[in-house]
Structures are given as structure tokens and as C-alpha cells.
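All figures in this text were calculated on a predicted structure; none of them were measured in a lab. Below, all heavy atoms of this structure are taken into account, side chains as well, without hydrogens, waters or symmetry copies.
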Amino acid sequence: MVNRRVVLSIWLPSGCIALSRGLMLPVLPLFALSFEAGYGLVGLVLAAEGLGNLLLNVPAGMATRRFGQKRTMMVGGLGMAAMAAAMFQAQSLVELLVYRLLAGGFMALWNIARHTYMTDVVPVAQRGRIYSAFGGIGRITSFVGPLLGGLAADAIGLRWPFLLVALMRLAGVAAAARWVQEREGSGRGRLSAGEVLRGQAQVLKAHWKVLASAGSGQLCGQTVRSARTAVIPLYAAEVLGLEAGAVGLMLSLSYALDMLMFVPAGQIMDRRGRKYAYVPSFLLQSAAMAVIPLTETFWTLALTTMALGIANGLGSGTMLTLGADLSPERGRGEFLGLWRLVGDGGSAAGPMVVGEVAEVAGLHTAPLVVAAVGVIGAVLLATLVPETLRRKTA
């Protein structure tokens with residue numbers, strides 16, 4: 001069984017980081033638009049954190065092995081907090097873009113170290129429930145975040161929520177410092193840089209087929225997931241003419257239903273199998289995304305985003321669980337760095353796809369393209385990836 005300290009070390013730091021992300025959701029797209037940028041540039045700003053994450057995922061896996069899980073996590077959290085504070089005083093779109101890229105790099109350190117730690121301390125038979133609950137905690141805080149971020153932006157301006165983001169990230173670092181215990185044999189600086197690089201190459205050589213098959217499905221699935229953070233605010237503001245507070249309320253309603261699904265998602269993964277959660281999740285998200293161009297009022301769009309929330313909640317913790325199941329005991333940090341590299345490619349691609357398609361063909365077309373990508377991801381995961389629950393528990 002997982003003890004109380006382990007549960008707190010997983011949930012408390014991640015809850016603070018998730019709340020900070022929720023605060024930013026309704027604010028960042030509108031803040032980027034305030035610099036009189038086109039949809040393509042706004043999409044690039046929204047994707048920049050994912051791009052920075054993408055570039056640093058593999059080095060983050062190597063850093064976790066060399067310096068240890070806790071220390072790597074702390075550096076990542078402090079860096080994310082510093083970048084949020086820097087965004088508060090950004091004076092140009094280029095400056096905002098740079099801070100977002102750097103924040104993504106620090107997020108890679110946080111995410112890989114945290115994922116490696118969780119995989120080490122959570123037994124296989126409980127991964128579905130623990131990981132889905134971990135995702136649920138993030139969704140609960142994300143339910144509150146967009147509402148608070150939107151209200152703060154309407155009351156005191158689009159800049160001030162970034163300071164709240166920085167404070168919440170510092171709280172996450174403090175929680176990690178208090179509850180995360182460095183694993184025995186983790187880091188300690190015993191490995192040279194050359195040894196770490198050779199270890200990374202060995203892991204890639206041994207597991208490239210798994211990363212290519214499962215990773216391609218994850219890439220498409222994470223694209224449709226991350227696209228909603230761009231589609232909903234932009235469509236609501238530009239097509240329906242809604243204010244930041246209304247956008248925040250809409251996103252909070254979506255996360256309210258999203259967070260209710262983490263318990264059934266965990267039960268499904270640990271009892272029926274991982275595929276019974278993530279394949280329907282991506283298919284349903286794609287269907288809801290395709291409905292967005294048909295919405296014409298606040299409530300029709302809100303109901304569609306709520307459907308997106310239910311579908312996304314069904315996939316709570318699924319990609320974390322799948323990555324943990326597929327990871328080898330030797331070279332786990334390096335494998336998870338590569339796994340996150342692929343997934344974060346999708347996270348970065350979502351807003352960029354929305355921005356570029358909207359620039360060329362309009363905001364009504366972008367959700368349809370994203371929906372098609374999501375369907376492709378569901379099909380790839382259903383056909384190319386074996387059921388990992390039965391394989392790991394056999």
C-alpha cells in the first residue's frame with residue numbers, strides 16, 4: 001500500500017502547480033492578443049511552454065538520474081515561478097514568448113523528476129487509481145483556477161494573475177521540499193555526463209519501437225487535449241465576443257466535470273484495463289471538439305466545453321500510467337524523459353495547430369482539424385499498443 005507521506009508528496013506539490021496553470025488559462029490568450037498579434041503568433045505563445053518542455057525532456061531525464069529526483073524537481077519548480085513573475089512585466093510579444101519557452105524547460109525538470117519518483121514509489125497494481133487521483137487533484141485545482149484568473153483579470157488587469165501564478169508555484173516547491181524524500185541511489189552525482197549520455201542512448205536503442213508505436217498515439221491524443229486551452233478562449237473572445245471572466249467561468253465548468261471523472265477512470269484502468277479509459281477518452285474529446293463550430297452562444301459553447309471536460313476526465317492519469325507501465329526498471333528516468341518528449345510534442349502542437357489553421361482558414365475550421373487528429377490518436381493506441389495492465393500484473 002502507498003503510505004500517507006507518499007500520497008502527500010505526490011498530491012500537494014502537483015495541486016499547487018495545477019492551480020497556477022488554471023489561473024493562467026483564461027488570461028494568457030487574451031494577454032497575447034493585447035499585443036495586437038495574429039492568431040498564428042498567439043498560438044505560438046500558447047505553445048511555447050510545450051516547446052520548451054519538448055526541448056528539455058531528454059536532458060531532464062538525464063539530470064534526474066545524475067542529480068536526483070528531489071533536487072531536480074526543486075530547480076524546475078523555482079524556475080517556473082521565476083518565469084511567471086517575469087511574464088508579469090513583459091512589454092512585448094517576443095519577451096512573453098521567451099519567458100514561456102524558459103518556463104517550459106523548467107517544467108520539463110519538474111515533470112520528469114516527479115514522474116520518475118511516482119513510478120518508483122507506487123506499486124503497479126495501484127498505479128491506475130493513484131495516477132488518476134493525481135490527475136484528479138490537478139483537475140480540482142484547475143476548476144478553481146480559471147474562475148479566479150478570469151475574475152482577477154477583469155478586476156485588476158491581465159497582468160496581475162501572473163503574480164498569483166508565481167506564488168502558487170512557490171507553494172508547490174515548498175510542499176515538495178517538505179514531503180518528497182530522495183530515493184536511495186537516486187542521483188548523488190555518481191555518474192559522469194558521458195555515462196549518462198551512454199545510458200540515454202542505450203535506452204533509446206532498446207525501446208524505440210515502443211516509443212514509436214505508443215508514442216505516436218500519445219502525440220495525437222495530447223494534441224487534442226492541449227488544443228482546448230487555445231480553441232475555447234479564442235473562439236469565445238473572437239467569435240462570441242465574451243470577456244475574460246466569462247471565459248474563466250466556462251473553463252471552470254469544464255474542469256468541474258473533468259475532476260469528477262478521475263475516480264471512475266482509475267477504477268477502469270486497474271480493473272478493466274488501461275485501453276478502456278484512454279481510447280474512449282480521445283474519441284469523445286474529438287467528437288466534442290467537432291461540435292464547437294456549431295455553437296453560437298455562451299451556453300452552447302459552455303455545454304460543449306463541459307462535454308470536453310467529461311471526456312478528458314475519463315483519461316485522467318492514463319498517459320502517466322501507460323508510460324509507467326511501459327518503462328523499464330533500468331533506465332526509467334531516461335525512458336520517461338523520451339516518453340514525455342513525445343507527449344509534450346502533442347501538447348506543444350495543439351495550440352500551434354489551432355493558431356495556424358485559424359490564421360489560414362478561420363476559427364471555425366481549427367476545431368475540426370484537431371478532432372481529426374484526436375481520432376487518429378485513438379485508433380493508433382487501440383491497434384498498436386498492447387494492454388499493459390495484464391502484461392504488468394502477470
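Taking hydrophobic clusters as Ile, Leu, Val, Met, Phe, Trp and Tyr residues chained together by side-chain heavy-atom distances below 4.5 Å, Ile268 shares a cluster with Val279. In the hydrophobic clustering of ILVMFWY residues, with side-chain heavy atoms under 4.5 Å counting as a link, Val45 and Leu234 come out together. Grouping the Ile, Leu, Val, Met, Phe, Trp and Tyr side chains by contacts below 4.5 angstrom, directly or via other members, places Leu163 with Leu23. Both Leu257 and Ile292 are part of a single hydrophobic cluster, where members link through side-chain heavy atoms under 4.5 Å apart. A continuous path of ILVMFWY side-chain contacts below 4.5 Å connects Leu326 to Leu204, so both sit in one hydrophobic cluster.
Taking CG of Asn312 as the start and CG of Leu284 as the end, the distance is 11.0 Å to the nearest 0.5 Å. Atoms OG and CG, from Ser14 and Leu19 in turn, are 12.5 Å apart once rounded to the nearest 0.5 Å. Rounding to the nearest 0.5 angstrom, the gap separating the CD atom in Glu238 from the CG atom in Leu30 is 8.5 Å. From Met74, atom CE reaches atom CG of Leu109 across 13.0 Å, with rounding to the nearest 0.5 Å. Separating the CE atom in Met80 from the CG atom in Leu102 is a distance of 13.0 Å, to the nearest 0.5 Å. Here the straight-line distance linking atom CE of Met83 with atom CZ of Phe162 works out to 13.5 Å at 0.5 Å rounding.
Defined by atom type and a distance below 3.5 Å, a donor-acceptor pair is missing between the side-chain atoms of Arg178 and Ser9. Inspection of the Tyr99 and Gln89 side chains reveals an N or O donor paired with an N or O acceptor under 3.5 Å. If you check the side chains of Arg274 and Thr321, you find no donor sitting under 3.5 Å from an acceptor.
Counting heavy atoms from C-beta outward, Thr229 and Leu28 have side chains that stay 4.5 Å or more apart. Contact check for Leu389 versus Met269: no side-chain heavy atoms found under the 4.5 Å cut-off.
Between the side chain of Ser213 and the main chain of Val385, no donor-acceptor pair closer than 3.5 Å is present. The backbone N or O of Phe335 lies less than 3.5 Å from no partner atom in the side chain of Ser327, so there is not a single donor-acceptor pair. Checked by atom type and distance alone, the side chain of Asp154 pairs as donor or acceptor with a backbone atom of Gly245 at under 3.5 Å. Formation of a donor-acceptor pair under 3.5 Å by the Arg100 side chain with backbone atoms of Leu46 is found in this model. Side-chain atoms of Arg225 come within 3.5 Å of backbone N or O of Gly315 as a donor-acceptor pair. Side chain of Arg169 to backbone of Gly77: no donor-acceptor contact under 3.5 angstrom is found. Judged by distance alone, with hydrogens and angles left aside, the side-chain atoms of Ser281 form no donor-acceptor pair with the main-chain N or O of Tyr278 at under 3.5 Å.
Closest approach of Leu25 and Leu251 over heavy atoms only: CB-CD1, 4.0 Å. For Ala90 against Phe35, the heavy-atom pair with the smallest separation is O-CZ, 3.9 Å. Across Ala166 and Ala85, no two heavy atoms sit closer than the pair CB-N, 3.9 Å. Taking both residues in full, the closest heavy atoms of Asp120 and Gln69 are given as OD2-NE2, 2.9 Å, listed atom of the first, atom of the second, then distance.
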Which donor-acceptor pairs under 3.5 Å do side chains of residues 353-368 form with protein atoms, sequence neighbours excluded?
{"unit_1": "Glu359", "atom_1": "OE1", "unit_2": "Tyr39", "atom_2": "N", "d": "3.0"}
{"unit_1": "Glu359", "atom_1": "OE1", "unit_2": "Gly40", "atom_2": "N", "d": "2.7"}
{"unit_1": "Thr365", "atom_1": "OG1", "unit_2": "Ala361", "atom_2": "O", "d": "3.2"}

>> Set out, in order, the CA-CA distance, both residues' side-chain angles and the distance that settles side chain to side chain donor-acceptor pair (under 3.5 Å) for Arg71 and Thr64, then state yes or no.
In response: CA-CA 8 Å; Arg71 279 178 284 184; Thr64 299; over 6 Å; no
> Can Ser226 and Gln222 be said to form a side chain to side chain donor-acceptor pair (under 3.5 Å), step by step?
Replying inline: CA-CA 6 Å; Ser226 64; Gln222 298 289 41; over 6 Å; no
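When the shell of 6.0 Å around CH2 of Trp160 is examined, it contains 12 or fewer heavy atoms from other residues, nucleotides or ligands.
Geometrically, Arg114 does not engage Tyr117 in a cation-pi contact defined by less than 6.0 Å to the ring centre and at most 45° from the axis.
Between Lys275 and Glu387 there is no salt bridge, since no side-chain nitrogen of the basic residue lies less than 4.0 Å from a carboxylate oxygen of the acidic one.
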